[in-house]
There are 2 protein chains.
Amino acid sequence: MSPENSRTRIQRRNRRAILEAALEVFSQHGFRGATLDQIAAEAGLSKPNLLYYFPSKEAIHETLLAGLMETWLAPLRMLDPAGDPVEEILGYVRRKLVLSRDFPRESRLFANEILQGAPRIKPSLEGELKALVDEKAQVIAGWAANGRIADIDPYHLIFSIWALTQHYADFDVQVRAVLGTERGDPFEGAERYLVTMFTRLLTP
Amino acid sequence: MSPENSRTRIQRRNRRAILEAALEVFSQHGFRGATLDQIAAEAGLSKPNLLYYFPSKEAIHETLLAGLMETWLAPLRMLDPAGDPVEEILGYVRRKLVLSRDFPRESRLFANEILQGAPRIKPSLEGELKALVDEKAQVIAGWAANGRIADIDPYHLIFSIWALTQHYADFDVQVRAVLGTERGDPFEGAERYLVTMFTRLLTP
DNA sequence: AAAACGTTTGACCGGGCGGTCAGGATCACG
DNA sequence: CGTGATCCTGACCGCCCGGTCAAACGTTTT
(Lines give C-alpha, C1' and ligand atoms only; values in the text may rest on other atoms or scores of the structure.)
Protein backbone atom coordinates (compact mmCIF):
# COMPACT_ATOMS: atom_id res chain seq x y z
CA MET A 1 0.00 0.00 0.00
CA SER A 2 1.70 3.23 -1.16
CA PRO A 3 1.63 6.28 1.11
CA GLU A 4 -0.51 7.95 -1.52
CA ASN A 5 -3.23 5.33 -1.12
CA SER A 6 -3.08 5.33 2.66
CA ARG A 7 -4.30 8.94 2.74
CA THR A 8 -7.88 10.16 2.74
CA ARG A 9 -9.27 12.47 0.07
CA ILE A 10 -9.01 15.40 2.43
CA GLN A 11 -5.39 14.65 3.22
CA ARG A 12 -4.47 14.46 -0.44
CA ARG A 13 -6.33 17.68 -1.25
CA ASN A 14 -4.80 19.65 1.61
CA ARG A 15 -1.26 18.36 1.23
CA ARG A 16 -1.44 19.33 -2.44
CA ALA A 17 -2.74 22.80 -1.57
CA ILE A 18 -0.02 23.30 1.02
CA LEU A 19 2.81 22.22 -1.28
CA GLU A 20 1.41 24.36 -4.08
CA ALA A 21 1.20 27.40 -1.78
CA ALA A 22 4.63 26.72 -0.30
CA LEU A 23 6.15 26.49 -3.76
CA GLU A 24 4.70 29.90 -4.58
CA VAL A 25 6.06 31.51 -1.40
CA PHE A 26 9.42 29.73 -1.06
CA SER A 27 10.29 30.31 -4.72
CA GLN A 28 9.76 34.03 -4.31
CA HIS A 29 11.26 34.71 -0.89
CA GLY A 30 13.60 31.81 -0.16
CA PHE A 31 13.40 29.62 2.92
CA ARG A 32 14.12 32.24 5.57
CA GLY A 33 12.12 34.95 3.86
CA ALA A 34 8.98 32.81 3.68
CA THR A 35 6.54 32.58 6.61
CA LEU A 36 4.07 29.91 7.63
CA ASP A 37 1.28 32.48 7.88
CA GLN A 38 1.89 33.45 4.27
CA ILE A 39 1.83 29.83 3.12
CA ALA A 40 -1.27 29.08 5.19
CA ALA A 41 -3.10 32.10 3.77
CA GLU A 42 -2.11 31.14 0.21
CA ALA A 43 -3.34 27.59 0.80
CA GLY A 44 -6.60 28.77 2.37
CA LEU A 45 -5.86 27.01 5.66
CA SER A 46 -5.19 28.11 9.21
CA LYS A 47 -1.61 27.92 10.46
CA PRO A 48 -2.26 25.20 13.05
CA ASN A 49 -4.05 23.17 10.41
CA LEU A 50 -1.05 23.51 8.15
CA LEU A 51 1.10 22.09 10.94
CA TYR A 52 -1.34 19.21 11.26
CA TYR A 53 -0.26 18.03 7.82
CA PHE A 54 3.45 18.85 8.04
CA PRO A 55 5.48 18.77 11.25
CA SER A 56 7.45 21.95 10.47
CA LYS A 57 8.41 24.62 7.96
CA GLU A 58 11.58 22.66 7.25
CA ALA A 59 9.57 19.54 6.42
CA ILE A 60 7.49 21.36 3.80
CA HIS A 61 10.62 22.76 2.19
CA GLU A 62 12.36 19.38 2.21
CA THR A 63 9.35 17.70 0.62
CA LEU A 64 9.38 20.24 -2.19
CA LEU A 65 13.12 19.89 -2.82
CA ALA A 66 13.04 16.11 -2.71
CA GLY A 67 10.32 15.97 -5.35
CA LEU A 68 12.20 18.52 -7.43
CA MET A 69 15.56 16.77 -7.74
CA GLU A 70 14.20 13.95 -9.90
CA THR A 71 12.32 16.27 -12.25
CA TRP A 72 15.52 18.19 -12.56
CA LEU A 73 17.74 15.28 -13.54
CA ALA A 74 15.26 13.51 -15.83
CA PRO A 75 15.96 15.49 -19.04
CA LEU A 76 19.68 14.75 -18.82
CA ARG A 77 19.02 11.08 -18.04
CA MET A 78 17.18 10.85 -21.35
CA LEU A 79 20.26 11.85 -23.35
CA ASP A 80 20.87 8.74 -25.42
CA PRO A 81 24.46 7.66 -26.21
CA ALA A 82 23.12 5.73 -29.21
CA GLY A 83 21.28 8.68 -30.75
CA ASP A 84 22.44 11.32 -33.20
CA PRO A 85 24.83 13.53 -31.19
CA VAL A 86 23.65 17.00 -32.27
CA GLU A 87 19.98 15.98 -32.12
CA GLU A 88 20.46 14.43 -28.67
CA ILE A 89 21.99 17.60 -27.26
CA LEU A 90 19.40 19.80 -28.93
CA GLY A 91 16.72 17.54 -27.47
CA TYR A 92 18.18 18.04 -24.04
CA VAL A 93 18.17 21.81 -24.54
CA ARG A 94 14.53 21.73 -25.63
CA ARG A 95 13.45 19.57 -22.70
CA LYS A 96 15.17 21.91 -20.23
CA LEU A 97 13.62 24.96 -21.85
CA VAL A 98 10.15 23.42 -21.64
CA LEU A 99 10.77 22.82 -17.95
CA SER A 100 11.69 26.48 -17.52
CA ARG A 101 8.57 27.60 -19.33
CA ASP A 102 6.14 25.24 -17.59
CA PHE A 103 7.67 25.11 -14.10
CA PRO A 104 9.31 28.49 -13.47
CA ARG A 105 8.53 28.41 -9.75
CA GLU A 106 10.30 25.09 -9.36
CA SER A 107 13.30 26.58 -11.14
CA ARG A 108 13.31 29.60 -8.85
CA LEU A 109 12.99 27.40 -5.77
CA PHE A 110 16.06 25.53 -6.92
CA ALA A 111 17.89 28.79 -7.71
CA ASN A 112 17.13 30.13 -4.24
CA GLU A 113 18.53 27.01 -2.63
CA ILE A 114 21.75 27.20 -4.66
CA LEU A 115 22.14 30.95 -4.06
CA GLN A 116 22.00 30.29 -0.32
CA GLY A 117 24.88 27.85 -0.69
CA ALA A 118 22.74 24.72 -1.19
CA PRO A 119 22.70 23.92 2.55
CA ARG A 120 19.98 21.30 2.12
CA ILE A 121 20.89 19.64 -1.17
CA LYS A 122 24.68 19.84 -1.34
CA PRO A 123 24.94 16.06 -0.80
CA SER A 124 22.60 15.53 -3.76
CA LEU A 125 24.73 17.80 -5.93
CA GLU A 126 27.98 16.05 -5.05
CA GLY A 127 26.38 12.61 -5.29
CA GLU A 128 23.56 12.00 -7.75
CA LEU A 129 24.06 15.11 -9.86
CA LYS A 130 27.84 14.80 -10.17
CA ALA A 131 27.57 11.11 -11.02
CA LEU A 132 25.02 11.72 -13.76
CA VAL A 133 26.96 14.63 -15.23
CA ASP A 134 30.21 12.65 -15.15
CA GLU A 135 28.49 9.84 -17.04
CA LYS A 136 26.94 12.06 -19.71
CA ALA A 137 30.07 14.19 -20.03
CA GLN A 138 31.94 11.06 -21.03
CA VAL A 139 29.34 10.29 -23.68
CA ILE A 140 29.74 13.79 -25.10
CA ALA A 141 33.53 13.62 -24.88
CA GLY A 142 33.32 10.38 -26.85
CA TRP A 143 31.28 12.05 -29.59
CA ALA A 144 33.85 14.84 -29.76
CA ALA A 145 36.76 12.40 -29.90
CA ASN A 146 35.10 10.55 -32.81
CA GLY A 147 34.55 13.83 -34.64
CA ARG A 148 30.76 13.45 -34.57
CA ILE A 149 30.49 16.86 -32.89
CA ALA A 150 32.96 19.74 -32.75
CA ASP A 151 35.62 19.61 -30.04
CA ILE A 152 34.20 21.10 -26.84
CA ASP A 153 34.48 20.86 -23.04
CA PRO A 154 31.52 18.63 -22.12
CA TYR A 155 31.19 19.94 -18.55
CA HIS A 156 30.96 23.57 -19.57
CA LEU A 157 28.65 22.56 -22.40
CA ILE A 158 26.25 21.14 -19.84
CA PHE A 159 26.68 24.18 -17.59
CA SER A 160 25.87 26.44 -20.51
CA ILE A 161 22.66 24.52 -21.20
CA TRP A 162 21.63 24.91 -17.57
CA ALA A 163 22.53 28.58 -17.49
CA LEU A 164 20.77 29.46 -20.73
CA THR A 165 17.54 27.59 -20.10
CA GLN A 166 17.13 28.44 -16.42
CA HIS A 167 17.83 32.10 -17.12
CA TYR A 168 14.46 32.42 -18.87
CA ALA A 169 12.67 31.12 -15.77
CA ASP A 170 14.74 32.68 -12.99
CA PHE A 171 15.26 36.09 -14.63
CA ASP A 172 11.88 36.20 -16.34
CA VAL A 173 11.11 39.66 -14.93
CA GLN A 174 14.32 41.09 -16.35
CA VAL A 175 13.91 39.41 -19.73
CA ARG A 176 10.38 40.78 -20.07
CA ALA A 177 11.40 44.23 -18.86
CA VAL A 178 14.06 44.44 -21.57
CA LEU A 179 12.00 42.92 -24.37
CA GLY A 180 8.96 45.06 -23.59
CA THR A 181 5.43 43.87 -24.30
CA GLU A 182 5.45 43.79 -28.08
CA ARG A 183 8.46 41.67 -28.97
CA GLY A 184 6.53 38.41 -28.50
CA ASP A 185 6.91 35.48 -26.14
CA PRO A 186 10.45 35.25 -24.73
CA PHE A 187 10.39 31.47 -24.85
CA GLU A 188 9.69 31.29 -28.57
CA GLY A 189 12.59 33.59 -29.32
CA ALA A 190 14.73 31.65 -26.86
CA GLU A 191 14.07 28.34 -28.57
CA ARG A 192 15.00 29.65 -32.02
CA TYR A 193 18.12 31.28 -30.61
CA LEU A 194 19.28 28.27 -28.63
CA VAL A 195 18.78 25.83 -31.49
CA THR A 196 20.80 28.10 -33.79
CA MET A 197 23.49 28.63 -31.16
CA PHE A 198 24.05 24.99 -30.30
CA THR A 199 23.81 23.85 -33.89
CA ARG A 200 26.59 26.27 -34.89
CA LEU A 201 28.59 25.33 -31.81
CA LEU A 202 28.37 21.56 -32.23
CA THR A 203 28.25 20.84 -35.95
CA PRO A 204 31.76 19.57 -36.76
CA MET B 1 31.42 69.54 -1.34
CA SER B 2 30.59 65.91 -2.12
CA PRO B 3 28.82 63.80 0.48
CA GLU B 4 31.97 61.69 0.64
CA ASN B 5 34.00 64.68 1.83
CA SER B 6 31.39 65.85 4.30
CA ARG B 7 31.86 62.63 6.29
CA THR B 8 34.37 61.98 9.02
CA ARG B 9 36.89 59.13 8.94
CA ILE B 10 34.75 57.13 11.36
CA GLN B 11 31.65 57.59 9.26
CA ARG B 12 33.43 56.44 6.13
CA ARG B 13 34.94 53.43 7.91
CA ASN B 14 31.68 52.32 9.50
CA ARG B 15 29.47 52.91 6.49
CA ARG B 16 31.91 50.82 4.46
CA ALA B 17 31.89 48.05 7.08
CA ILE B 18 28.08 48.05 7.21
CA LEU B 19 27.64 47.90 3.43
CA GLU B 20 30.28 45.17 3.19
CA ALA B 21 28.55 43.13 5.89
CA ALA B 22 25.11 43.77 4.41
CA LEU B 23 26.32 42.62 1.00
CA GLU B 24 27.50 39.38 2.56
CA VAL B 25 24.21 38.75 4.34
CA PHE B 26 21.70 40.04 1.76
CA SER B 27 23.42 38.17 -1.07
CA GLN B 28 23.08 34.90 0.80
CA HIS B 29 19.62 35.18 2.34
CA GLY B 30 17.77 37.80 0.32
CA PHE B 31 16.15 40.89 1.78
CA ARG B 32 13.54 39.24 3.97
CA GLY B 33 15.81 36.41 5.05
CA ALA B 34 18.51 38.79 6.29
CA THR B 35 18.41 40.30 9.79
CA LEU B 36 19.87 43.48 11.20
CA ASP B 37 21.47 41.54 14.07
CA GLN B 38 23.30 39.37 11.55
CA ILE B 39 24.53 42.38 9.59
CA ALA B 40 25.55 44.20 12.77
CA ALA B 41 27.48 41.17 14.05
CA GLU B 42 29.21 40.74 10.67
CA ALA B 43 30.16 44.42 10.67
CA GLY B 44 31.40 44.32 14.26
CA LEU B 45 28.91 46.94 15.41
CA SER B 46 25.92 47.00 17.74
CA LYS B 47 22.49 47.06 16.15
CA PRO B 48 21.57 50.54 17.43
CA ASN B 49 24.89 51.83 16.13
CA LEU B 50 24.11 50.35 12.75
CA LEU B 51 20.85 52.28 12.76
CA TYR B 52 22.79 55.41 13.61
CA TYR B 53 24.39 55.24 10.15
CA PHE B 54 21.41 54.02 8.15
CA PRO B 55 17.79 54.87 8.97
CA SER B 56 16.46 51.37 8.20
CA LYS B 57 17.11 47.92 6.78
CA GLU B 58 15.46 49.10 3.56
CA ALA B 59 17.89 52.00 3.29
CA ILE B 60 20.93 49.73 3.49
CA HIS B 61 19.52 47.46 0.82
CA GLU B 62 18.64 50.38 -1.45
CA THR B 63 22.12 51.84 -1.09
CA LEU B 64 23.67 48.55 -2.16
CA LEU B 65 21.38 48.14 -5.16
CA ALA B 66 21.85 51.73 -6.31
CA GLY B 67 25.62 51.35 -6.31
CA LEU B 68 25.31 48.03 -8.09
CA MET B 69 23.27 49.11 -11.11
CA GLU B 70 26.07 51.21 -12.58
CA THR B 71 28.73 48.50 -12.14
CA TRP B 72 26.32 46.19 -13.84
CA LEU B 73 25.71 48.29 -16.93
CA ALA B 74 29.29 49.51 -17.42
CA PRO B 75 30.64 46.50 -19.37
CA LEU B 76 27.84 46.77 -21.95
CA ARG B 77 28.31 50.55 -22.20
CA MET B 78 31.89 49.91 -23.29
CA LEU B 79 30.79 47.89 -26.33
CA ASP B 80 32.16 50.05 -29.16
CA PRO B 81 30.17 50.31 -32.43
CA ALA B 82 33.41 51.29 -34.20
CA GLY B 83 35.41 48.28 -33.04
CA ASP B 84 35.82 44.84 -34.56
CA PRO B 85 32.42 43.12 -34.05
CA VAL B 86 33.55 39.69 -32.85
CA GLU B 87 36.29 41.17 -30.67
CA GLU B 88 33.85 43.70 -29.18
CA ILE B 89 31.38 41.01 -28.19
CA LEU B 90 34.11 38.73 -26.85
CA GLY B 91 35.43 41.68 -24.86
CA TYR B 92 31.98 42.16 -23.35
CA VAL B 93 31.83 38.48 -22.45
CA ARG B 94 35.25 38.67 -20.78
CA ARG B 95 34.37 41.80 -18.81
CA LYS B 96 31.18 40.22 -17.52
CA LEU B 97 32.99 37.03 -16.57
CA VAL B 98 35.61 39.00 -14.64
CA LEU B 99 32.78 40.71 -12.78
CA SER B 100 31.34 37.30 -11.87
CA ARG B 101 34.71 36.09 -10.66
CA ASP B 102 35.65 39.18 -8.66
CA PHE B 103 32.21 40.26 -7.39
CA PRO B 104 30.15 37.10 -6.92
CA ARG B 105 28.28 38.51 -3.93
CA GLU B 106 27.13 41.50 -5.95
CA SER B 107 25.94 39.11 -8.63
CA ARG B 108 23.99 37.05 -6.10
CA LEU B 109 22.47 40.18 -4.54
CA PHE B 110 21.21 41.11 -7.99
CA ALA B 111 19.98 37.57 -8.64
CA ASN B 112 18.05 37.57 -5.36
CA GLU B 113 16.36 40.83 -6.25
CA ILE B 114 15.30 39.55 -9.67
CA LEU B 115 14.13 36.21 -8.27
CA GLN B 116 11.84 38.09 -5.90
CA GLY B 117 10.29 39.86 -8.87
CA ALA B 118 12.60 42.91 -8.82
CA PRO B 119 10.25 44.90 -6.54
CA ARG B 120 12.88 47.56 -5.89
CA ILE B 121 14.60 47.89 -9.27
CA LYS B 122 11.90 47.15 -11.82
CA PRO B 123 11.85 50.82 -12.91
CA SER B 124 15.60 50.65 -13.51
CA LEU B 125 15.19 47.54 -15.62
CA GLU B 126 12.43 49.03 -17.76
CA GLY B 127 14.24 52.37 -17.99
CA GLU B 128 18.03 52.50 -17.98
CA LEU B 129 18.64 48.85 -18.71
CA LYS B 130 16.10 48.52 -21.52
CA ALA B 131 17.36 51.73 -23.15
CA LEU B 132 20.97 50.57 -23.08
CA VAL B 133 20.13 47.10 -24.40
CA ASP B 134 17.94 48.56 -27.16
CA GLU B 135 20.84 50.78 -28.22
CA LYS B 136 23.44 48.03 -28.26
CA ALA B 137 21.07 45.52 -29.83
CA GLN B 138 20.77 47.86 -32.78
CA VAL B 139 24.54 48.05 -33.08
CA ILE B 140 24.73 44.25 -33.15
CA ALA B 141 21.82 43.98 -35.56
CA GLY B 142 23.72 46.40 -37.82
CA TRP B 143 26.80 44.18 -37.75
CA ALA B 144 24.66 41.17 -38.63
CA ALA B 145 22.93 43.02 -41.48
CA ASN B 146 26.32 44.00 -42.93
CA GLY B 147 27.53 40.41 -42.73
CA ARG B 148 30.30 41.28 -40.28
CA ILE B 149 28.95 38.68 -37.85
CA ALA B 150 26.64 35.73 -38.43
CA ASP B 151 22.90 36.40 -38.42
CA ILE B 152 21.63 36.25 -34.84
CA ASP B 153 18.95 37.69 -32.54
CA PRO B 154 20.81 40.49 -30.71
CA TYR B 155 18.52 40.48 -27.65
CA HIS B 156 18.89 36.79 -26.98
CA LEU B 157 22.60 37.09 -27.69
CA ILE B 158 22.86 39.60 -24.85
CA PHE B 159 20.65 37.45 -22.61
CA SER B 160 22.89 34.48 -23.29
CA ILE B 161 25.96 36.46 -22.26
CA TRP B 162 24.26 37.45 -19.01
CA ALA B 163 23.07 33.91 -18.33
CA LEU B 164 26.39 32.26 -19.05
CA THR B 165 28.61 34.63 -17.10
CA GLN B 166 26.35 35.11 -14.09
CA HIS B 167 25.83 31.37 -13.81
CA TYR B 168 29.41 30.94 -12.64
CA ALA B 169 28.86 33.42 -9.81
CA ASP B 170 25.29 32.60 -8.79
CA PHE B 171 25.54 28.81 -9.10
CA ASP B 172 29.14 28.59 -7.97
CA VAL B 173 28.33 25.91 -5.37
CA GLN B 174 26.70 23.70 -7.98
CA VAL B 175 29.47 24.19 -10.53
CA ARG B 176 32.12 23.27 -7.97
CA ALA B 177 30.12 20.30 -6.68
CA VAL B 178 29.92 18.86 -10.19
CA LEU B 179 33.49 19.63 -11.21
CA GLY B 180 34.94 18.30 -7.95
CA THR B 181 38.15 19.65 -6.49
CA GLU B 182 40.65 18.44 -9.07
CA ARG B 183 39.31 19.74 -12.36
CA GLY B 184 40.86 23.18 -11.85
CA ASP B 185 39.40 26.68 -11.48
CA PRO B 186 35.90 26.88 -12.99
CA PHE B 187 36.52 30.38 -14.27
CA GLU B 188 39.52 29.42 -16.38
CA GLY B 189 37.57 26.62 -18.02
CA ALA B 190 34.63 28.96 -18.44
CA GLU B 191 36.68 31.58 -20.25
CA ARG B 192 38.11 29.09 -22.73
CA TYR B 193 34.66 27.61 -23.32
CA LEU B 194 32.89 30.94 -23.75
CA VAL B 195 35.48 32.33 -26.16
CA THR B 196 35.21 29.18 -28.29
CA MET B 197 31.42 29.20 -28.13
CA PHE B 198 30.90 32.82 -29.13
CA THR B 199 33.62 32.72 -31.78
CA ARG B 200 31.91 29.76 -33.48
CA LEU B 201 28.53 31.40 -33.07
CA LEU B 202 29.46 34.81 -34.43
CA THR B 203 32.11 34.27 -37.09
CA PRO B 204 30.23 34.71 -40.40
C1' DA C 1 -27.53 6.80 17.50
C1' DA C 2 -23.42 6.87 19.24
C1' DA C 3 -18.73 5.56 19.38
C1' DA C 4 -14.47 6.25 16.95
C1' DC C 5 -11.67 8.61 14.15
C1' DG C 6 -10.04 12.39 11.37
C1' DT C 7 -9.95 17.45 10.83
C1' DT C 8 -10.02 22.33 12.24
C1' DT C 9 -9.53 26.17 15.24
C1' DG C 10 -8.67 30.04 18.91
C1' DA C 11 -5.82 31.06 22.34
C1' DC C 12 -1.41 30.97 23.62
C1' DC C 13 4.02 30.65 24.18
C1' DG C 14 8.93 31.97 24.10
C1' DG C 15 11.94 34.11 21.16
C1' DG C 16 13.65 36.98 17.60
C1' DC C 17 12.35 40.74 14.55
C1' DG C 18 13.00 46.00 13.08
C1' DG C 19 13.34 50.01 15.39
C1' DT C 20 13.57 53.77 19.47
C1' DC C 21 15.57 56.44 23.08
C1' DA C 22 18.02 58.53 26.92
C1' DG C 23 22.23 59.00 28.26
C1' DG C 24 27.22 57.92 28.45
C1' DA C 25 31.77 57.65 25.98
C1' DT C 26 34.82 59.60 22.71
C1' DC C 27 36.43 62.76 19.54
C1' DA C 28 37.83 67.35 17.11
C1' DC C 29 39.07 71.74 17.96
C1' DG C 30 39.51 76.47 20.14
C1' DC D 1 41.89 72.13 29.25
C1' DG D 2 37.08 72.74 28.12
C1' DT D 3 33.19 72.16 25.42
C1' DG D 4 30.27 71.07 21.82
C1' DA D 5 29.55 67.70 18.27
C1' DT D 6 29.90 63.13 17.09
C1' DC D 7 29.68 58.31 18.16
C1' DC D 8 28.05 54.34 20.78
C1' DT D 9 25.24 51.35 23.91
C1' DG D 10 21.82 48.92 27.21
C1' DA D 11 17.36 48.66 28.00
C1' DC D 12 13.31 48.54 25.98
C1' DC D 13 8.95 48.43 22.67
C1' DG D 14 5.33 46.28 19.89
C1' DC D 15 4.97 42.94 16.57
C1' DC D 16 5.38 38.76 14.13
C1' DC D 17 7.83 34.42 13.94
C1' DG D 18 7.52 29.00 14.24
C1' DG D 19 5.21 25.97 16.93
C1' DT D 20 1.84 23.81 20.77
C1' DC D 21 -2.44 22.34 22.79
C1' DA D 22 -7.00 21.39 24.39
C1' DA D 23 -11.21 21.51 22.82
C1' DA D 24 -14.69 21.58 19.19
C1' DC D 25 -16.24 20.11 14.84
C1' DG D 26 -17.10 16.54 10.81
C1' DT D 27 -17.24 12.20 8.94
C1' DT D 28 -17.27 7.32 8.87
C1' DT D 29 -18.16 3.04 10.91
C1' DT D 30 -20.68 -0.11 13.72
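Just so we're on the same page: letters track the sequence lines, and every chain starts at 1. Heavy atoms only: backbone and side chains are in, while hydrogens, waters and symmetry mates are out.
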Measure from [atom1] on [X] to [atom2] on [N] and round the result to the nearest Å.
X: B/Q38; N: C/dC17; atom1: CD; atom2: C1'; answer: 12 Å
X: B/L36; N: C/dC17; atom1: CG; atom2: P; answer: 9 Å
X: B/H29; N: C/dC17; atom1: NE2; atom2: C1'; answer: 15 Å

So what does [X] hit on the nucleic acid, given a heavy-atom distance under 4.0 Å: a base, only sugar-phosphate, or nothing?
X: B/A34; result: sugar-phosphate
X: A/I10; result: sugar-phosphate
X: B/F54; result: nothing
X: A/R32; result: nothing

How would you give the extent of chain A contacts on DNA chain D, as first and last nucleotide 5' to 3' within a 4.0 Å heavy-atom cut-off?
-> D/dC17 to D/dT28
Side-chain ion pair, B/E113 and B/R120, N-O less than 4.0 Å | yes
Dump the pairs, protein N or O against N or O of nucleotides 9-16 of chain C, anything under 3.5 Å, distances to one decimal.
unit_1 : atom_1 : unit_2 : atom_2 : d
C/dT9  : OP2    : A/S46  : OG     : 3.0

Are there more than 12 heavy atoms of other residues, nucleotides or ligands under 6.0 Å from atom CZ of B/F187?
-> yes
Taking atom types as modelled and ignoring hydrogens, do the side chains of B/Y193 and A/D153 form a donor-acceptor contact shorter than 3.5 angstrom?
-> no
